[in-house]
Amino acid sequence: MKRNKLVIGFFILLITAATTYIILNGIYEDAAMAAGKDLSVRELEQDIEFNDYRLIPINNEDDAREVITIYADRHNIDEDLYPDYMVERMVTNPELRDFVLEYPNHMEEDEDVNIVSISIRKDIDMAQGIPEFYQWDQRWGYRTYGSDLFAFTGCGPTCLSMVAVYLLGNDYMTPAWVAQFSMDNGYYDYENYSGTYWSLMYSGAEQLGLQSCEVTGEVWDIEEHLANGEPIIAIMGPGDFTSEGHFIVLVSCEDGYLRIIDPNSRERTSRLWDIDEVLPQIQGMWAYSV
């Protein structure tokens, strides 16, 4: 009997020890897993912070330079190749981020490359109506237009290109093509370097085969042209779209709200605009047909 009690006590001791080991081992494993998970999360966050420059909001020049530093380091680019004015442009319009970051890779491009080789067929096929072109598109944004890169001066030709391609049904009057047409025919103000002459929007448009009509500042006039399928190019003064002067396209109007295409901003293009909000900023307008 005494021997049986000893055997039973021994087994109880073994079971207790085994249970204690399992519990403690589980606790240690959980702790190690948690620590490893925390480390993994921290490493992932650091990796994202370092590698994905798109996650860094650009609110000032320091933010822009941080983005450039990360991008330049990852792509073995000399940071000195980014001029100060490019940094300033990125701060003014964060949508230029990728355009600015890619600038050193396009500095030495030959601008004599055949403009006709630029394809916009995919843009046309995907468009539901007027195709959206942006002046900082890398297909033409690094070319020179007048006094600066097309990305910064090309709003006029970009707007006229959208309208011409839509109404004439061609695929060769790209923003780059219209920009060259504008310079060749005296529609860029080289005397004051103030940008595109307004005359490109009526005389130049008619040379391209479009019928243009000046639009009054009356709401009913704007609505009537747009309802008839006649897009409008407007020159904007200081306000929501520019601090100086800027061309945009008015596409449609419904219930007092305009749909516009701003060639310098996808963000402004993506929203609807109260016509009473936009109208006071307009300095001139032309509607188009064929």
ask   = Going through the distances and angles, do F150 and T144 end up as a side-chain contact (heavy atoms from CB on, under 4.5 Å)?
value = CA-CA 5 Å; F150 186 86; T144 300; over 6 Å; no
message = Any heavy-atom pair between the side chains of T153 and S147 that's under 4.5 Å?
response = yes
task = Find out if a path of hydrophobic residues (ILVMFWY) with successive side-chain heavy-atom gaps under 4.5 Å connects I248 to V178.
result = no
query = Under a 4.5 Å side-chain heavy-atom rule over Ile, Leu, Val, Met, Phe, Trp and Tyr, are I222 and L272 clustered together?
reply = no
key: Residues forming a salt bridge (Lys or Arg N to Asp or Glu O under 4.0 Å) with E132, sequence neighbours excluded   = R259
message = According to side-chain hydrogen bond (donor to acceptor under 3.5 Å, both in side chains), who are the partners of D240, at least two apart in sequence or on a separate chain?
response = Q281
query = Closest approach of L200 and T196, non-hydrogen atoms and distance?
reply = CD2-CG2, 3.4 Å
S194-D189 side chain donor-acceptor pair, cut-off 3.5 Å = yes
query = So, for E230 and A287, which heavy atoms are closest and what is the spacing to 0.1 Å?
reply = OE1-CB, 4.0 Å
Do any side-chain atoms of residues 202-209 form donor-acceptor pairs under 3.5 angstrom with protein atoms, and if so which ones, sequence neighbours left out?
unit_1, atom_1, unit_2, atom_2, d
E206, OE2, S212, OG, 3.2
Q207, OE1, Y187, OH, 2.4

ask   = Does a donor on one side chain sit under 3.5 Å from an acceptor on the other, for Q180 and D184?
value = yes
ask   = Where do A127 and P131 come nearest, in terms of heavy atoms and distance?
value = CB-CA, 3.7 Å
ask   = Between W140 and F133, is the gap from one ring center to the other below 6.0 Å?
value = yes
query = side chain to side chain contact (heavy atoms under 4.5 Å, CB included) with S265: which residues, sequence neighbours excluded?
reply = E95, D262, E267, R268
ask   = So with a 6.0 Å cut-off around CE of M107, is the heavy-atom count from everything else above 12?
value = yes
ask   = Residues two or more places apart in sequence or in another chain: which of them pass side chain to side chain contact (heavy atoms under 4.5 Å, CB included) with T216?
value = E218, D221
query = Taking side chain as C-beta onward, heavy atoms only, is I282 less than 4.5 Å from M236?
reply = yes
request  = Could you pull out all residues at least two apart from E254 that satisfy salt bridge (Lys or Arg N to Asp or Glu O under 4.0 Å)?
outcome  = none
message = List the residues meeting side chain to side chain contact (heavy atoms under 4.5 Å, CB included) with R65, not counting sequence neighbours, and say none if there are none.
response = E61, D84, V87
query = If only atom types and distance count, is the side chain of Y82 paired as donor or acceptor with the main-chain N or O of L101 below 3.5 Å?
reply = yes
Side chain to side chain contact (heavy atoms under 4.5 Å, CB included) involving Q211 - partner list, sequence neighbours excluded = S289
query = Quick one: are V251 and L226 in side-chain contact, heavy atoms under 4.5 Å?
reply = no
inquiry  = Is it the case that over 12 heavy atoms from other parts of the model lie below 6.0 angstrom from the OH atom of Y197?
reply    = yes
Min side-chain heavy-atom separation L81-Y103 under 4.5 Å = no
message = Under the criterion side-chain contact (heavy atoms from CB on, under 4.5 Å), I'd like the reasoning laid out for I235 against W198: C-alpha separation, chi angles, the key distance, then a yes or no.
response = CA-CA 8 Å; I235 176 67; W198 293 14; 3.7 Å; yes
inquiry  = Less than 4.5 Å apart, side chain to side chain, heavy atoms only: is that true for N264 and F152?
reply    = no
Any residue meeting salt bridge (Lys or Arg N to Asp or Glu O under 4.0 Å) with D125, in chain and number order, not counting sequence neighbours = R121
query = Which pairs count as salt bridge (charged side-chain N to carboxylate O under 4.0 Å, His left out) when at least one residue sits in residues 276-287, sequence neighbours excluded?
reply = R271-E277
Same apolar cluster (I L V M F W Y, side chains within < 4.5 Å links), Y257/V219 = no
message = Could you check whether any side-chain heavy atom of I260 comes within less than 4.5 Å of a side-chain heavy atom of V249, counting everything from C-beta outward?
response = no
request  = Report the C-alpha distance between Y71 and I77 in whole Å, list the side-chain angles of each, state the deciding distance to 0.1 Å, and finish with yes or no for side-chain contact (heavy atoms from CB on, under 4.5 Å).
outcome  = CA-CA 8 Å; Y71 188 86; I77 298 174; 3.9 Å; yes
ask   = OG1 of T174 to CZ of F181: how many Å apart, nearest 0.5 Å?
value = 13.0 Å
task = Return the minimal non-hydrogen interatomic distance between H225 and V215, and the atom names on each side.
result = CD2-CG2, 3.9 Å
task = Locate the shortest heavy-atom distance separating V91 from A64; write the atom from each residue and the value.
result = CG2-CB, 3.9 Å
inquiry  = For Q135 and Y145, which I'm curious about, is there any donor-acceptor pair between the side chains at under 3.5 Å?
reply    = no
query = Can you name the closest pair of heavy atoms from C253 and L258 and give their distance?
reply = CB-CD2, 3.8 Å
ask   = Taking the six-membered ring for Trp, are W177 and Y172 ring centroids under 6.0 Å apart?
value = yes
query = Going by heavy atoms in the side chains, are F241 and F247 under 4.5 Å from each other?
reply = no
ask   = Between D73 (side chain) and T69 (backbone), is there a donor-acceptor pair under 3.5 Å?
value = no
Under the salt bridge (Lys or Arg N to Asp or Glu O under 4.0 Å) test, residues paired with D98 that sit two or more places apart = R54
Only pairs under 3.5 Å count here: list side-chain donor-acceptor contacts from residues 157-167, not counting sequence neighbours, and write none if there are none.
unit_1, atom_1, unit_2, atom_2, d
T158, OG1, G154, O, 2.6
S161, OG, M173, O, 2.6

request  = Could you check M285 against I233 for side-chain contact (heavy atoms from CB on, under 4.5 Å), going step by step and ending with a plain yes or no?
outcome  = CA-CA 6 Å; M285 290 179 283; I233 293 178; over 6 Å; no
request  = For Y288 and M201, indicate whether the former's side chain and the latter's backbone hold a donor-acceptor pair under 3.5 Å.
outcome  = yes
ask   = Is the shortest heavy-atom distance from the side chain of I58 to the side chain of E66 under 4.5 Å?
value = no
ask   = Transitively linked via ILVMFWY side-chain contacts under 4.5 Å: I261 with L279?
value = no
request  = Examine distances only and state if a side-chain atom of T242 and a backbone atom of P238 form a donor-acceptor pair shorter than 3.5 Å.
outcome  = no
remark   = One should read off an interatomic distance between Y188 OH and M183 CE, to the nearest 0.5 angstrom, of 9.5 Å
ask   = Y142 vs F99 aromatic rings, parallel, tilted or perpendicular, using cut-offs 30° and 60°?
value = parallel
